[in-house]
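Presented below is the structure to which this report refers.
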Amino acid sequence: MDTKQLYTLIIFSENTVGLLNQITVIFTRRQLNIETLSVSPSAISGIHKFTITTFAERDMIEKVVKQIDKRVDILKAYYNTDEDLVHQEIALYKVSTALFMKMEGVEELIRKYNAGVLEMNEDCLVIEKSGHYRETQALFEELRRSIGVLQFIRSGRIAITKSKVEPLSDMLSSMEEKINMKQ
Amino acid sequence: MDKNLITGSEALLRTLVAEGVDTVFGYPGGQVIPLYDCLYGYGDRLKHILVRHEQGAVHAAQGYARVSGKTGVVIVTSGPGATNTVTGIADAMMDSTPVVIISGQVPSPLLGSDAFQEIDVIGITQPVTKWAYQVRRPEEVAWAVSRAFYIASTGRPGPVVIDFAKDAQTGFTDYTYEKVDYIRSYRPAPKPDAERIAEAAALINASERPFALVGQGVILAGAESELKAFLEKADIPAATTMLGLSAMPSGYRLNKGLLGMHGNMGPNRKTNDCDVLIAIGMRFDDRVTGNLKEYARQAKVIHFDIDLSEIGKNVPVDVPLAGDVKETLPAVARLLNTAERKVWIDSFGADETEEYEKVIAKEVYPEGSRPLQMGEVVRKVSDAAGGDAVLVTDVGQNQMMAVRYFRHSLTRSVVTSGGLGTMGFGLPAAIGAKEGAPGRTVCLFAGDGGIQMTIQELGSVMQEKLDIKIIVLNNNCLGMVRQWQELFFDKRYSSTTMVNPDFAAIAAAYGIRNRNVSKREDLDAAIAEMFNVTGAYMLVAEVETHGMVYPMVPAGSPIINILTGE
Ligand SMILES: Cc1ncc(C[n+]2csc(CCOP(=O)(O)OP(=O)(O)O)c2C)c(N)n1
């Protein structure tokens, strides 16, 4: 039997209204939870990119990706495991300025986690850290233990494949050939 | 004002005409009055069939599409008009039927404000459509509607919804029709892969007992003759899914019958006996496969399909053959060795004899003392109709009996609700089938339950003076559910008995000729009268209440676990 593991789906779509809904219903039907989700315009104008992570069996993820890919407004959907990807999440931590200032080894902590201070006023201060889930979580634990965290937020994963070309670029160039042929 | 400007409604109707539409099914209401107003002037180009309920409009459009191969078109109003179409849309999605549904919508400035009869049609229909799009400006009409037809009718066909805001119907726009035949994010048919084609041919050439499962994909692709050439070259026996039934004529030498839960014994058993299973434009529905764990484990599987997401979805596949079967079937056939497989083909004979003795004889030629049986009524109607008729069915025992015992010779001859199993499908689908194939005899079989789900469409039959032959197989119960209760629920007949109206009298109220038959000796004359009458006819056959559809593979059982009722 297949075991569940974390997959990252990368989906390129036209920028049409209601697309997220079209994608999420496919997850819902298969009772899959979306762990993280990030949507933004891609490098190609007019094309949006969704990055979605989910725990699933390989067989299941393959079927889900095919069903997403089939939707009319989806240009391309594919899935990767962590080995194929460079990926990051970004986390923001709000802590009390007074406590932070009093805390021992603050500078080492910030350096150790490769974090930065984004904003500071007399009441509170916002630390920023990007990294893998494990890393942003570790900083969270450490801050919570020592001075407490007033607010915490983590983004969805964003990811880029390690391979040289993005599959979409192949597809787009073949599409362009087609358009040129028509003209 | 610029003379070249036209309203969004006009743009929509011009596009319909340009797309080759001549018939639409619909029902007006507040948010489509402007469109209907415009339609008033299109009487010479667009025939509008006024249904009695919007669900009926979609089923009618489905019936029309299924017999004609053209895209069915529906126009309804917003809110309840649109929600009433949902069952039909879902049915079309499951059964890959090209329909375009145009629903009126409140004026765009009111969208999102819970305006009168505003409903989120896109949100509701997105999961059951191939594409759903809201048109908010008249300039979008030409593009969106042409795109809708392209999407609905190409690749694996399906329903498309165009939600048409009222101000886009009344607003003015420039108009030029531009046919859409390319969408960059949409590949209707994957390119066939030469390597896979060679692999498939090699598998079949090395096979001793190949067996083909034929689905509606063959009909949708118009690849009936390619299928025949493929099967004949390598002498491959085949069976069909319910939706694929008319891809081959009944009685054709290589047509071994129907697959699945109430299919023929031979095809189901041979699925687990063949060495190469060749699935062609079918999707291994659970009603076809039974328990997947014990399905065709011994066989290598080749799967021809236009929809990549179907390949490997339910059954692991050895050779995936993505593409349009109109291309892939001949491509594989070219590489096939001619073969003769008499022994293998004849081996279906034993199963046929067994099924005849245990099931068919009793159903079609019952002893004189028994009440009328569904199977005998179906076969007699089929014989009298001749081979060229279109069969339309509702859902339940009547459907299974109709598809088992009605014979056909032409393609696009069986219109039935497969994937969704929608009771109430039959009568409106028959209306659409008659519109789509006016020259053909249309026979509808329905149960007493299902006919009452859309019985109001007799009004449309009356108004359009449609010549459809309606056979109500009245067993005074929800037969198929009753059958499951008898077999699997200790005969606890929970809510399956029906107290019924006088169906013939209802037909009469609609001015439809009719006859009620309960005695075997009256059956032939009634059927003869039905076909002699020009115009609609309702034959109410009072059939056995405890009738059972056999053979039956219980849901979830291996496909070779076949009950015969013996
Ligand atoms: C809309 C809908 N509701 C319920 C069902 C479940 N169902 C399937 S067959 C059946 C019985 C149909 O009874 P009838 O129309 O009298 O036909 P029969 O089986 O007796 O031929 C029912 C209730 C269904 N398929 N569709």
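The sequence lines fix the lettering, A, B, ..., with proteins before strands; numbering per chain opens at 1. The structure displayed is predicted, hence computed values, not measured ones.
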* Can you pull out the residues in residues 98-112 of chain B with any heavy atom less than 4.5 Å from chain A? -> none
* **Point-to-point distance, once rounded to the nearest 0.5 Å, from OG of B/Ser309 to CD of A/Gln67** => 5.0 Å
* Structure fact -> One should read off an interatomic distance between B/Gln126 CD and A/Leu19 CG, to the nearest 0.5 angstrom, of 7.5 Å
Can I get a per-line list of side-chain donor-acceptor pairs under 3.5 Å for residues 108-120 of chain A, giving both atom names and the distance, sequence neighbours left out?
from	atom 1	to	atom 2	distance (Å)
A/Lys112	NZ	A/Glu142	OE1	3.3
A/Tyr113	OH	A/Glu142	OE1	2.8

* Under a 4.5 Å heavy-atom cut-off, does chain B meet the side chain of A/Arg71, its backbone, both or neither? -> both
* Asked: Looking only at heavy atoms, which of residues 127-151 of chain B get nearer than 4.5 Å to chain A?
  -> B/Pro127, B/Thr129, B/Lys130, B/Trp131, B/Arg147, B/Ile151
* Structure fact -> To the nearest 0.5 Å, atom CG of A/Asp69 lies from atom CZ of B/Arg187 at 5.0 Å
* **Nearest-0.5 Å distance, CD of residue B/Glu310 to NZ of residue A/Lys66** => 9.0 Å
* Asked: For A/Val25, is it the side chain, the backbone, both, or neither that has a heavy atom closer than 4.5 Å to a heavy atom of chain B?
  -> side chain
* Worked check of salt bridge (Lys or Arg N to Asp or Glu O under 4.0 Å) between B/Arg184 and A/Glu14 -> CA-CA 9 Å; B/Arg184 70 171 177 182; A/Glu14 297 293 352; 2.6 Å; yes
* Asked: Mind checking which of residues 317-327 of chain B sit less than 4.5 Å from chain A, heavy atom to heavy atom?
  -> none
* Okay, side chain of A/Lys63, backbone of B/Asn314: is any donor-acceptor separation there less than 3.5 Å? -> no
